[in-house]
Amino acid sequence: MGIGKNGNLPWHPIRLSNEFKHFQKMTMTPSVEGKKNVVIMGRKTWFSIPKQNRPLKNRINIVLSRELKMVPEGAHYLAPDFTSALNLLETPEFEAQADQVWVIGGSSLYKEAMESSAPRRLFVTRILKQFDCDTFIPNIDLDKFRLLPEFPGVQAGLQEENGLQYVFEVYECVEK
């Protein structure tokens, strides 16, 4: 369940181009034409993205931070916490332009989102190799989430790139 090491992906410098394309496609493709998806991330996640790739294109980028007083260069919005970001999404300005909301890290934000009452799915890429990590996704509570056998737009089965095997998993919240 490791997701980071020293501000990088644990398998860095190995590149998983197809996995990255999957992430882009999922987070970039709205279900409603004319709208954009929203990506919510913590400050450390924002700054772990290479500057030339910020903001994540064709998505509304919201950065969460209790420390920052101004929206980081390139980001669209700044919120002090997850609840404030969700409240921001309920404003008329956002409702007109925003479609799906994707939480893309870090670990404390994943934990908060997984424990929230908002309807949710977890899109997980499970890398089938152990790496030294200093940042982890919280354990997935199988009493709260069930693994779906398939999901539209998500490749099933074993994937392999640059000697690393992985699978895409989608979990759906079963709590009401």
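Positions are given from 1, in the same order as the sequence printed here.
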| field | All side-chain hydrogen bond (donor to acceptor under 3.5 Å, both in side chains) counterparts of E172, not counting sequence neighbours | value |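 Partners of E172 under the side-chain hydrogen bond (donor to acceptor under 3.5 Å, both in side chains) test: R121, R146.
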
| field | Residues in side-chain hydrogen bond (donor to acceptor under 3.5 Å, both in side chains) contact with T125, at least two apart in sequence or another chain | value |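 So T125 forms a side-chain hydrogen bond (donor to acceptor under 3.5 Å, both in side chains) with E19.
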
| message | Just so I know, are the side chains of L109 and T45 near enough to count as touching, which here means a heavy-atom distance under 4.5 Å? | response |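 Counting from C-beta outward, L109 and T45 never come under 4.5 Å.
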
Hey, is the main chain of [Y] close enough, under 3.5 Å, to the side chain of [X] for a donor-acceptor pair?
| X | Y | result |
| --- | --- | --- |
| E169 | R126 | no |
| E150 | A156 | no |
| Q159 | G157 | yes |
| K129 | G163 | no |
| Y166 | E160 | no |

| query | What pairs with V71 under side chain to side chain contact (heavy atoms under 4.5 Å, CB included), at least two apart in sequence or on another chain? | reply |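 By the side chain to side chain contact (heavy atoms under 4.5 Å, CB included) rule, V71 matches A75, L78.
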
| said: More than 12 heavy atoms of other residues, nucleotides or ligands under 6.0 Å from NZ of K35: yes or no? | reply: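 Check passes, neighbour count above 12.
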
| message | Does anything in residues 48-62 form a side chain to side chain donor-acceptor pair (under 3.5 Å)? List the pairs, not counting sequence neighbours. | response |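 Counting only pairs at least two positions apart or across chains, the side chain to side chain donor-acceptor pair (under 3.5 Å) contacts touching residues 48-62 are T27-R59.
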
| Please, which pairs that meet ring pair (Phe, Tyr, Trp, His ring centres under 6.0 Å) have at least one residue in residues 61-94, sequence neighbours excluded? |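 Qualifying pairs: Y77-F94.
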
| message | With ring pair (Phe, Tyr, Trp, His ring centres under 6.0 Å) as the rule and sequence neighbours excluded, what pairs involving residues 11-62 come up? | response |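 Matches after skipping sequence neighbours: H22-F168.
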
